Chemist: 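Can you read through this structure? Questions will come right after.
In this chain, residues are counted from 1 in sequence order. Keep in mind that this is a model prediction, so the values were computed, not measured.
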Amino acid sequence: MQAFIAHWLAVNSQLDDDGLPHIVLPTAYTVATLTTDRADIADAITAVQPALNQLQAAANNRNNKKVPLRERIRQFRAAAQSYLKGSQYINALPRLPRFDASPGDFTKALDDMSSLWATINALPPPGFTAPLKLIGAYTLANFNTEVTAMKAAFTAWDAAYQNAAIVRGQRDMLLPPVKPRLSQYRQAVLATFPPGNALVLSLPAVRPPSGSTPKAVQISGLWNGTSSKAHLEWTASANPNLDHYSIRSCDPPRYRAADESVVASVAAGTTVFDTDDGLLAAGSAKIFKVYVVTHDDNEKGSNSVKITHPE
């Protein structure tokens, strides 16, 4: 868009010299309008990354709370099967939810455990002295406090997810109308100046020329237990216009470019990268891609690879 703005200003300047009116597209769309649209799009693009950062922070907070609570469910089940064996409570024990279980399934297990724990304390079976406590003299009150914090973390993540979706939507809504305007401008220039004119020859392209999109690299990855990070490797790009590699990620279950977040940019010549982005908690998972980015900002994404922090 900036290239078109600069060209349009040069065209208008030449038209001034020739005593002709400036180029104005249908619905009174001028270079000033394009300049405003570009500023709005730039602001919308800039707003996306902070929203994604907030979403990742909320996800990290949520995941970090999941780990100890899943451990408490495991301890509760073990304690009940040891101290309450043969009682009516054994068949009511909550199942240990998967780390990636939905918020509804995860909180149901927590609520079931809280309710059952309260019942055990109030009506202990014969031979057991209430209250039931877990490792470290951990009580039902301690558990309920953590459950409240877990639910707040789920709510905060959902709010951050919705905000990120809105911000991305605001960005994506502004993009589609631009290309038709750029194409209209090109046609207006071709209708105004003869073939071979410098302003015709210097017209910016709406799309990259055929064959200029770089070939994708192939990425592989695994969890490095020593560094507690995802280890990514990819084939080197042979593109002569390679500027850098952009490492990006998004949440499972599938990779969506609209949801991706930039993890890092690494120099040409680098083909390995370690990261714990979104993988701080045991059981968390991320999907990664590596983009080949050329000097003119043309790019192509690799295959995707999912990395899970083992529990």
Side-chain angles (χ1 to χ4, degrees), residues 1-55 161-216 239 241 243-244 246 248 250 254-262 265 289 291-301:
M1 293 177 73
Q2 186 56 46
F4 274 85
I5 290 169
H7 192 275
W8 200 332
L9 290 171
V11 164
N12 284 349
S13 177
Q14 181 61 54
L15 293 173
D16 284 337
D17 293 342
D18 296 340
L20 298 173
H22 291 175
I23 286 182
V24 179
L25 303 181
T27 66
Y29 194 94
T30 66
V31 66
T33 314
L34 179 60
T35 302
T36 299
D37 286 349
R38 180 192 178 281
D40 290 343
I41 289 174
D43 289 344
I45 291 173
T46 301
V48 170
Q49 194 58 48
L52 293 178
N53 291 342
Q54 292 171 5
L55 176 60
Y161 181 86
Q162 293 300 326
N163 180 61
I166 291 170
V167 171
R168 286 194 302 266
Q170 290 171 337
R171 173 201 63 189
D172 296 345
M173 179 180 65
L174 296 175
L175 297 175
V178 174
K179 282 188 177 180
R181 289 300 190 181
L182 304 184
S183 295
Q184 287 176 359
Y185 171 76
R186 284 179 54 87
Q187 293 304 313
V189 171
L190 294 176
T192 303
F193 299 97
N197 184 281
L199 291 170
V200 171
L201 298 177
S202 61
L203 263 175
V206 178
R207 296 173 180 80
S210 177
S212 66
T213 300
K215 291 183 178 179
N239 194 295
N241 294 318
D243 183 75
H244 66 277
S246 177
R248 305 175 193 175
C250 75
R254 62 189 180 89
Y255 198 97
R256 295 182 70 248
D259 296 337
E260 69 186 6
S261 178
V262 176
S265 294
K289 276 190 176 186
Y291 281 75
V292 175
V293 184
T294 62
H295 292 299
D296 58 358
D297 288 330
N298 206 352
E299 63 181 31
K300 184 70 173 180

Chemist: How far apart are the closest heavy atoms of E260 and L52, and which atoms are they?
Modeler: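 For E260 and L52, the tightest heavy-atom pair comes out as O-CD1, 3.1 Å.
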Chemist: Name all residues meeting the side chain to side chain contact (heavy atoms under 4.5 Å, CB included) criterion together with S183; count only those two or more places apart in sequence or in a different chain, and write none if there are none.
Modeler: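 Result, side chain to side chain contact (heavy atoms under 4.5 Å, CB included) vs S183: V206.
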Chemist: Is any side-chain heavy atom of P26 less than 4.5 Å from a side-chain heavy atom of Q184?
Modeler: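 Result yes, sub-4.5 Å side-chain heavy-atom pair found.
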Chemist: So, using ring pair (Phe, Tyr, Trp, His ring centres under 6.0 Å) as the criterion, who are the partners of Y291 when residues are at least two apart?
Modeler: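 If we apply the ring pair (Phe, Tyr, Trp, His ring centres under 6.0 Å) test to Y291, skipping adjacent residues, there are no hits.
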Chemist: What pairs with T36 under side chain to side chain contact (heavy atoms under 4.5 Å, CB included), at least two apart in sequence or on another chain?
Modeler: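 Once residues adjacent in sequence are excluded, the partners of T36 under the side chain to side chain contact (heavy atoms under 4.5 Å, CB included) criterion are D40.
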Chemist: Of all the heavy-atom pairs spanning G196 and L201, show the shortest one and how long it is.
Modeler: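 Result for this residue pair: O-CD1, 3.5 Å.
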Chemist: Only pairs under 3.5 Å count here: list side-chain donor-acceptor contacts from residues 3-15, not counting sequence neighbours, and write none if there are none.
Modeler:
| unit_1 | atom_1 | unit_2 | atom_2 | d |
| --- | --- | --- | --- | --- |
| H7 | ND1 | Y185 | OH | 2.7 |
| H7 | NE2 | L199 | O | 2.7 |
| H7 | NE2 | S202 | OG | 3.2 |
| W8 | NE1 | I23 | O | 3.3 |
| N12 | OD1 | I23 | N | 3.3 |
| Q14 | NE2 | D18 | OD1 | 3.1 |
| Q14 | NE2 | D18 | OD2 | 3.3 |

Chemist: Taking the side chain as every heavy atom from C-beta outward, state whether M1 and I41 have any pair of such atoms under 4.5 Å apart.
Modeler: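 Result yes, sub-4.5 Å side-chain heavy-atom pair found.
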Chemist: Who are the side chain to side chain contact (heavy atoms under 4.5 Å, CB included) partners of D243, not counting sequence neighbours?
Modeler: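 If we apply the side chain to side chain contact (heavy atoms under 4.5 Å, CB included) test to D243, skipping adjacent residues, the hits are H295.
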Chemist: For side chain to side chain contact (heavy atoms under 4.5 Å, CB included), just list the numbers for R248 and S261, CA-CA rounded to whole Å, side-chain angles, deciding distance to a tenth of an Å, and then say yes or no.
Modeler: CA-CA 5 Å; R248 305 175 193 175; S261 178; over 6 Å; no
Chemist: About how many Å separate CZ of R207 and CG of N298, when rounded to the nearest 0.5 Å?
Modeler: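 If we round to the nearest 0.5 Å, N298:CG and R207:CZ are 13.0 Å apart.
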Chemist: Among all residues two or more places apart in sequence or in another chain, which pass the side-chain hydrogen bond (donor to acceptor under 3.5 Å, both in side chains) test with N197?
Modeler: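 For N197, no residue satisfies side-chain hydrogen bond (donor to acceptor under 3.5 Å, both in side chains) once neighbours in sequence are set aside.
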Chemist: Sorted by first residue and then second, give each side chain to side chain donor-acceptor pair (under 3.5 Å) pair with at least one member in residues 22-35; sequence neighbours left out.
Modeler: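 For residues 22-35: D16-H22, T27-R181, Y29-D37, T30-T33.
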Chemist: What is the distance from atom NZ of K300 to atom CG of N239, rounded to the nearest 0.5 Å?
Modeler: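 Going from NZ on K300 over to CG on N239, the span is 13.0 Å.
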Chemist: Who are the side chain to side chain contact (heavy atoms under 4.5 Å, CB included) partners of A44, not counting sequence neighbours?
Modeler: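 Counting only residues at least two positions away or on another chain, A44 forms a side chain to side chain contact (heavy atoms under 4.5 Å, CB included) with R171, L174.
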Chemist: Run the side-chain donor-acceptor check on residues 163-170: report pairs under 3.5 Å with partners two or more places apart or on a different chain.
Modeler:
| unit_1 | atom_1 | unit_2 | atom_2 | d |
| --- | --- | --- | --- | --- |
| R168 | NE | A258 | O | 3.1 |
| R168 | NE | D259 | OD1 | 3.1 |
| R168 | NH2 | D259 | OD1 | 2.9 |

Chemist: Holding to side-chain hydrogen bond (donor to acceptor under 3.5 Å, both in side chains), I want the full list of residues that pass it with N241, two or more places apart in sequence or in another chain.
Modeler: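 If we apply the side-chain hydrogen bond (donor to acceptor under 3.5 Å, both in side chains) test to N241, skipping adjacent residues, there are no hits.
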Chemist: Can you name the residues that form a side-chain hydrogen bond (donor to acceptor under 3.5 Å, both in side chains) with R38, not counting sequence neighbours?
Modeler: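 side-chain hydrogen bond (donor to acceptor under 3.5 Å, both in side chains) check on R38 returns Q2.
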